[in-house]
There are 2 protein chains.
Amino acid sequence: MDDVFRALASPSRRRLLDRLHSKNGQTLNELCKGARMTRQAVTKHLALLEAANLVVTTWQGREKLHYLNSVPIHEIYERWIGKYERHRLQALSELKKGLESKQVNITEKRYG
Amino acid sequence: MDDVFRALASPSRRRLLDRLHSKNGQTLNELCKGARMTRQAVTKHLALLEAANLVVTTWQGREKLHYLNSVPIHEIYERWIGKYERHRLQALSELKKGLESKQVNITEKRYG
DNA sequence: ATAATATGCAACTATTTAGTTGCATGTCAA
DNA sequence: TTGACATGCAACTAAATAGTTGCATATTAT
């Protein structure tokens with residue numbers, strides 16, 4: 001679990017997760033494109049994500065495919081959010097989305 | 001949002017969140033007891049948590065009370081977990097708990 | 001008033017981390 | 001079978017971070 005938080009701590013790694021979320025199963029090279037760092041740096045980040053079990057990989061010939069695994073994220077959620085709190089937060093979040101789609105601005109801070 | 005991940009990155013800060021989760025509204029001094037660092041270090045951690053809006057505070061005389069705010073955690077959850085994936089993960093997690101209560105061991109890795 | 005309590009602010013150090021460059025290995029295609 | 005491609009591994013540097021010590025400020029209790 002410790003690995004998960006460490007892995008999520010870096011913006012670069014979160015961006016990688018975002019990219020896998022939008023398109024799963026990408027190769028290292030694919031993930032390098034658009035990243036503002038060397039391939040070697042990306043490799044290191046992916047290694048950390050994999051160690052944290054946030055990313056799962058398979059080899060296909062000389063290419064390594066990367067997949068997002070959401071289980072650890074779910075475990076974070078369960079750690080600090082009570083069973084009954086979940087419904088409330090879900091409702092809140094959907095309300096917020098609804099309002100945003102009507103161009104009404106709500107700041108983060110308002111939800112105490 | 002960036003602040004949230006940075007704040008969650010440190011085990012010391014996660015322990016503080018755990019303590020607030022089990023007992024909300026504690027003072028700085030209360031939170032210092034049992035922590036293996038100086039009060040000043042705890043203060044810094046709480047400042048980061050507060051900046052990330054993971055902790056909310058109120059003053060009461062010379063005492064500062066700290067409360068856990070779970071909204072940012074929920075936002076992490078929504079970022080990488082698709083709407084329909086949630087039910088699956090919830091079911092999985094409850095299955096796991098059920099099995100664990102029967103003394104059956106399941107490793108993290110099994111959930112791809 | 002004064003002492004004790006609760007907290008804040010700042011300078012410093014040691015460690016960790018992100019990113020780099022350089023070189024090695026394994027696979028595919030002509 | 002040779003050249004191009006996809007990836008891995010290691011040493012290094014610069015920046016960020018966790019924790020410390022020391023001192024300051026504000027509130028409560030005697």
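To find a chain, count down the sequence lines: A is the first, B the second, and so on, and within it residues start at 1. None of the values given here were measured: they were computed from a predicted structure.
The side chain to side chain donor-acceptor pair (under 3.5 Å) search around A:R6 returns none, not counting sequence neighbours. Partners of A:F5 by ring-ring contact (aromatic ring centres under 6.0 Å, His included), not counting sequence neighbours, listed by chain and number: A:W80. For B:S10, there are no side chain to side chain donor-acceptor pair (under 3.5 Å) partners at least two apart in sequence or on another chain.
Listed in residue order, the members of residues 38-45 of chain A having a heavy atom less than 4.0 Å from DNA chain D are A:R39, A:Q40, A:T43, A:K44. Sorted by residue number, the members of residues 1-37 of chain A with any non-hydrogen atom under 4.0 Å from DNA chain D read A:T27, A:L28, A:N29.
With a 4.5 Å cut-off on side-chain heavy atoms, A:I73 and B:I76 count as touching.
When all heavy atoms of A:V4 and A:P72 are compared, the closest pair comes out as CG2-CB, 3.8 Å. The minimum heavy-atom distance linking B:A9 with A:A9 is given by the pair CB-CB, 3.4 Å. For the pair B:L17 and B:L54, the tightest heavy-atom approach, listed with the atom from each and the gap, is CD2-O, 4.3 Å.
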Acceptor/donor pairs from residues 21-30 of chain B side chains to any protein atom, 3.5 angstrom cut, sequence neighbours excluded:
from: B:S22; atom 1: OG; to: B:R19; atom 2: O; distance (Å): 3.0
from: B:K23; atom 1: NZ; to: B:E30; atom 2: OE2; distance (Å): 2.5
from: B:N24; atom 1: OD1; to: B:L68; atom 2: N; distance (Å): 2.9
from: B:Q26; atom 1: NE2; to: B:R19; atom 2: O; distance (Å): 3.1
from: B:Q26; atom 1: NE2; to: B:K23; atom 2: O; distance (Å): 3.0
from: B:T27; atom 1: OG1; to: B:E30; atom 2: N; distance (Å): 3.1
from: B:E30; atom 1: OE1; to: B:T27; atom 2: N; distance (Å): 3.1

Only distances under 3.5 Å count here; give the side-chain donor-acceptor pairs of residues 31-40 of chain A to other protein atoms, sequence neighbours excluded, each with its distance to 0.1 Å.
from: A:T38; atom 1: OG1; to: A:A41; atom 2: N; distance (Å): 3.3

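Between A:L65 atom CG and A:L20 atom CG the span is 10.5 Å, to the nearest 0.5 Å. Separation of atoms CG (A:L8) and CZ (A:R13) is listed at 8.5 Å; rounding is to 0.5 Å. Distance check: B:M1 CE to B:D3 CG gives 10.0 Å after rounding to the nearest 0.5 Å.
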Enumerate all atom pairs, one protein N or O and one N or O from nucleotides 26-30 of chain C, separated by less than 3.5 Å.
from: C:dT27; atom 1: O2; to: A:R62; atom 2: NH1; distance (Å): 3.1

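Without hydrogens or angle criteria, B:N69 side chain to B:N53 main chain gives a donor-acceptor distance under 3.5 Å.
Axis orientation changes by 30° from one end of the helix from C:dA1-D:dT30 to C:dA30-D:dT1 to the other, with each end axis drawn from 5 pairs and the value rounded to 10°.
Sequence neighbours left out, not one pair with a member in residues 23-71 of chain A passes ring pair (Phe, Tyr, Trp, His ring centres under 6.0 Å). Listed by first then second residue, pairs satisfying salt bridge (Lys or Arg N to Asp or Glu O under 4.0 Å) with a partner in residues 57-72 of chain B read B:E50-B:K64, not counting sequence neighbours.
Boundaries of the chain B contact region on DNA chain D are D:dT17 to D:dT28, first to last in 5' to 3' order (nucleotide atom under 4.0 Å from a heavy atom).
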